[in-house]
Amino acid sequence: MGNSYMPGKKVEQVGLAQRVVDVVLPETSGYNVPAALGATFSAINTALQEAWLLSSNPATRTKGTVEATDGWLRRMKSTLKQIVSIVQGMPGVTPQMLIDAGFTVRKTNKTPKPRPSQKPFIKKMKVDGRTGYFQLRQDVSTRGKPAGVSGATVLMCKPGPNGAPSRDWKFVTNTTVTSAEITFPESETSDVYYITAFWTNSRDESGPAADPLWVSLPAGTVVATDSKSAMTLKAA
């Protein structure tokens, strides 16, 4: 899908952000965006709308207010990309719901590849401190991606009260490779995370999610060297 849903004009981009807050994020909407991700996007949208009012008003438009708006637009687009990827993979989200949300896709003359029908198998290679190394496979014995698959989306969550995965899945990354290195958040005590993933095709249509993989982690502090060091994926 790329960014075909993103309008070209800033005023329309600001409008799309508010539309997502009004249409997609409410719990009753059926889009099922994880609560933490929705809260992050709502906070970004609030700051973006305030910055836009200042930069679009001739009385308060300055180089500083314009730069502030551009900065919040960049944050909004990055977070919205995560939301769109998750929504596209949610069972029950209809084409009309995507149109209502503003998540449209450019039409092409290419023969569309079918939506992935196979769920990934996640193999745990090793855990080193708070970093886990995993492989996304077709099944237990078959490495690589299935035919027609261009990438995958990886999610993580903590256990719920009964020890099973909670519903608050958090986006980790989109990737076109099958070797995953994930550094989990720091913790003063040992804890557990679940990870899952689903295949995507070239139109960002998603297949079924992998069976959640249980990962036991020791206590530890994450030593971050850059903004991407907490959650990364590397080619095999």
Side-chain angles (χ1 to χ4, degrees), residues 1-5 20 24 29-38 78-125 132-157 160 164-182 193-215 231-236:
M1 183 178 60
N3 283 335
S4 58
Y5 57 87
V20 170
V24 177
S29 68
Y31 293 90
N32 296 318
V33 174
L37 181 58
S78 177
T79 308
L80 181 56
K81 184 177 181 181
Q82 300 176 26
I83 291 176
V84 171
S85 179
I86 291 174
V87 168
Q88 285 281 359
M90 284 292 178
V93 174
T94 65
Q96 185 60 51
M97 290 173 67
L98 295 177
I99 293 173
D100 293 343
F103 300 162
T104 55
V105 181
R106 292 189 185 100
K107 295 182 179 179
T108 68
N109 295 323
K110 297 180 180 179
T111 301
K113 293 182 178 179
R115 182 187 294 270
S117 60
Q118 183 177 343
K119 63 183 179 182
F121 173 79
I122 305 175
K123 181 177 181 180
K124 180 170 65 177
M125 306 303 289
Y133 300 85
F134 311 92
Q135 279 188 348
L136 304 181
R137 298 183 169 212
Q138 296 185 45
D139 53 47
V140 175
S141 58
T142 309
R143 298 181 63 178
K145 295 176 288 190
V149 165
S150 60
T153 295
V154 181
L155 307 170
M156 64 188 291
C157 75
S166 68
R167 295 186 61 187
D168 192 19
W169 287 100
K170 293 180 173 58
F171 174 84
V172 177
T173 191
N174 291 320
T175 178
T176 58
V177 299
T178 57
S179 178
E181 176 186 325
I182 303 176
Y193 274 86
Y194 284 95
I195 65 171
T196 189
F198 51 79
W199 299 121
T200 57
N201 63 13
S202 58
R203 297 193 302 168
D204 238 11
E205 294 177 323
S206 306
D211 295 333
L213 176 66
W214 183 81
V215 184
M231 296 178 183
T232 60
L233 287 174
K234 298 181 179 178

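- Arg137 and Thr142 get closest at one heavy-atom pair: CB-O, 3.2 Å.
- Side-chain contact between Phe103 and Val24: present, with at least one pair of heavy atoms (C-beta onward) separated by less than 4.5 Å.
- For the atom pair CG (Asp168) and CE (Met156), the distance works out to 11.0 Å, reported to the nearest 0.5 Å.
- Among all heavy-atom pairs drawn from Pro120 and Ala209, the shortest one is CD-C, 4.5 Å.
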Kindly determine whether Thr200 and Asn174 satisfy side chain to side chain contact (heavy atoms under 4.5 Å, CB included), including the steps that lead there. CA-CA 9 Å; Thr200 57; Asn174 291 320; 5.9 Å; no

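- One distance of note links NZ of Lys123 with CZ of Phe134; it measures 13.0 Å at 0.5 Å rounding.
- Inter-residue side-chain proximity for Val149 and Gln138 is flagged as unmet; no heavy-atom pair is nearer than 4.5 Å.
- Panel note: side chain Thr175, backbone Val177; a donor-acceptor pair is recorded below 3.5 Å.
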Does the side chain to side chain contact (heavy atoms under 4.5 Å, CB included) test come out yes or no for Met97 and Val87, once each step is laid out? CA-CA 10 Å; Met97 290 173 67; Val87 168; over 6 Å; no

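- Contact check for Val33 versus Ile86: no side-chain heavy atoms found under the 4.5 Å cut-off.
- The line from CG of Asp204 to CZ of Arg115 is 10.5 Å long, rounded to the nearest 0.5 Å.
- Residues Lys170 and Pro34 form no side-chain contact, since every pair of their non-hydrogen atoms from C-beta on lies 4.5 Å or further apart.
- Checking side-chain atoms of Asn201 against main-chain N and O of Pro114 turns up a donor-acceptor pair under 3.5 Å.
- Put simply, the side chain of Gln135 never gets that close to the backbone of Ser179: no donor and acceptor are under 3.5 Å apart.
- The two residues Gln118 and Trp199 have their closest heavy-atom pair at O-CD1, 2.9 Å.
- Of the possible donor and acceptor atoms, none in the side chain of Thr196 sits under 3.5 Å from a partner among the backbone N and O of Leu155.
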Test log, rule side chain to side chain contact (heavy atoms under 4.5 Å, CB included), inputs Leu136 and Ile122: CA-CA 5 Å; Leu136 304 181; Ile122 305 175; 3.9 Å; yes

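- Nearest heavy-atom pair, Gln82 versus Leu37, reported as atom, atom and distance to 0.1 Å: OE1-CD1, 3.4 Å.
- Using a 4.5 Å heavy-atom cutoff, the side chains of Tyr5 and Leu80 are in contact.
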Step by step, work out the side chain to side chain contact (heavy atoms under 4.5 Å, CB included) result for Tyr193 and Ile182. CA-CA 11 Å; Tyr193 274 86; Ile182 303 176; over 6 Å; no

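- Interatomic distance, Lys81 NZ to Phe171 CZ, rounded to the nearest 0.5 Å: 7.5 Å.
- The shortest non-hydrogen separation linking Thr153 to Ser85 is OG1-OG, 3.2 Å.
- Contact of the Tyr31 side chain with the Asp100 side chain is registered, since non-hydrogen atoms from C-beta on lie closer than 4.5 Å.
- Within the 4.5 Å cutoff, side-chain heavy atoms of Lys145 are placed close to those of Thr178.
- Closest approach of Pro116 to Pro208, counting heavy atoms only: O-CD, 3.6 Å.
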